[in-house]
Protein chains: 2
Amino acid sequence: MKMSGGVEWGLHCCVVLSGSGEPVPAARLAEFHDVSATYLAKQLQALSRAGLVRSTQGQAGGYALTRPAAEISVLEVVEAIDGADPAFRCTEVRQRGPLAAAPEACTRPCGIAAVMGAADRAWRESLRAVTIADLAADVTRTVGVDTLPRARAWLTR
Amino acid sequence: MKMSGGVEWGLHCCVVLSGSGEPVPAARLAEFHDVSATYLAKQLQALSRAGLVRSTQGQAGGYALTRPAAEISVLEVVEAIDGADPAFRCTEVRQRGPLAAAPEACTRPCGIAAVMGAADRAWRESLRAVTIADLAADVTRTVGVDTLPRARAWLTR
DNA sequence: CTCAACTCGGATAACTTGTGTCCGAGAATG
DNA sequence: CATTCTCGGACACAAGTTATCCGAGTTGAG
């Protein structure tokens, strides 16, 4: 089980985009993070499709957050890039084989699916409790107060 | 993000194996669940490597649980088959690019990795709280009291 | 108003990982 | 002691992810 690596890039982009409504081109974001520009573009497109960022075209175009960073949860970014489907998908094994259960008896999910669903909900709830603003505040606290302003200045130079 | 489909098979096998110390061949388990025999064998080998099941060879051989079902958590089965690595792997983006952070300042995981780690722990804790015996009890309660005995009888006929 | 330059967006290839399969080594039974 | 059954690791195949490219559209300047 492995999450798409693009999630990390998307979260970093959201953090540096927080606090400045000015659009930043995808190429600039890629150079800042030293990652593949074309592939990062793909992740940003996913964020755009989910409505988390707004893209503007043209000469002074780029990406910007649509909402305040405090109103964007980590879960939203993860689901936008990695998909919202649960990691476990029940294939209804109980309805197969020589002692298969009757379909009408399987109106509720089986015990295994229930456990997996509960774990998935706990995971998502944990990610929903943290916002992009929280991440930005953590950067300010741990690395330095001027880190994010310097990053924004570099991105919009 | 998607979990290996073999996890579901492995869990179903553990449930039907609970309560009877008699070894059951992999081929029999595959026929009972109507799944690929050769691929299920792979999952059972993983369980054997993890020490959850004991394999005996020869004419009356097969697989059996090494411990009581009440002492085997769902998490152990998941980690044995799907691997124990966390879904998110931090690539230290903060140390790359024009404004890279100094390596000596990165002794602690970054905020993003911390959030992901916490979510992963919540997920694992949720799976650790349920045992194979709990799953078996759920089957008995929802589908019928004689379901598991009949399954065991079919497997050891 | 025209043009040019810059931006995003979806469609297109290479690769890693998971999926599925096969045959050989080893042990218990008759 | 031979046979038959079992597991175990090594071998192809497919799908999803990673990475890339070029065209459509828009903005801004001339």
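- For Q57(B), counting side-chain heavy atoms from C-beta on, the closest listed nucleotide (dT26(D), dC7(D), dA19(D)) is dC7(D).
- R89(B) has its CZ atom 11 Å from the P atom of dT18(D), to the nearest Å.
- Counting to the nearest Å, the C1' atom of dT17(D) and the NZ atom of K2(B) are 12 Å from each other.
- Side-chain atoms of Q43(A) never come within 3.5 Å of backbone atoms of W9(A) as a donor-acceptor pair (strictly under, hydrogens ignored).
- OP1 and OP2 of dG8(D) both lie 4.0 Å or more from every side-chain N or O belonging to R49(B).
- Residue contacts shown for K42(B) include a base, since a base heavy atom lies under 4.0 Å away.
- Once you apply a 4.0 Å limit to the heavy atoms of chain B, the touched nucleotides of DNA chain C run 5' to 3' over dT19(C) to dT29(C).
- Backbone-only engagement by G62(B) is indicated by non-hydrogen atom pairs under 4.0 Å involving sugar-phosphate atoms exclusively.
- We find that CG of L52(B) is positioned 17 Å from C1' of dC7(D), with the value rounded to whole Å.
- Q45(A) has its CD atom 13 Å from the C1' atom of dC22(D), to the nearest Å.
- The main-chain N or O of L155(B) is found under 3.5 Å from a side-chain atom of R28(B) such that the two form a donor-acceptor pair.
- With E71(B) contributing its side chain and P68(B) its backbone, the two residues share no donor-acceptor pair below 3.5 Å.
- Residue whose closest nucleotide on DNA chain D sits further toward the 5' end, between Q43(A) and Q59(A): Q43(A).
- At distances below 3.5 Å, not a single donor-acceptor pair connects side-chain atoms of E22(A) with backbone N or O atoms of T156(A).
- Of the residues near DNA chain C, M1(A) and Y63(A), the one whose nearest nucleotide (by heavy atom distance) lies more toward the 5' end is Y63(A).
- Rounding to whole angstrom units, CZ of residue R54(A) and C1' of dT26(D) are separated by 14 Å.
- Ring geometry for W154(B) versus F32(B): interplanar angle of 30 to 60°, hence tilted.
- Side chain of R152(A) to main chain of S18(A): a donor-acceptor pair is present (N/O by atom type, distance under 3.5 Å, no hydrogens or angles).
- In this structure, S36(A) reaches the sugar-phosphate backbone alone: every heavy-atom distance under 4.0 Å involves primed, P, OP1 or OP2 atoms, never a base.
- Between the OH atom of Y39(A) and the P atom of dT18(D) there is a distance of 4 Å, given to the nearest Å.
- We find that CG of D82(A) is positioned 14 Å from P of dG16(D), with the value rounded to whole Å.
- A donor-acceptor contact shorter than 3.5 Å is absent between the side chain of S48(B) and the backbone of R54(B).
- Residue contacts shown for A26(B) are limited to sugar-phosphate atoms, with no base heavy atom under 4.0 Å away.
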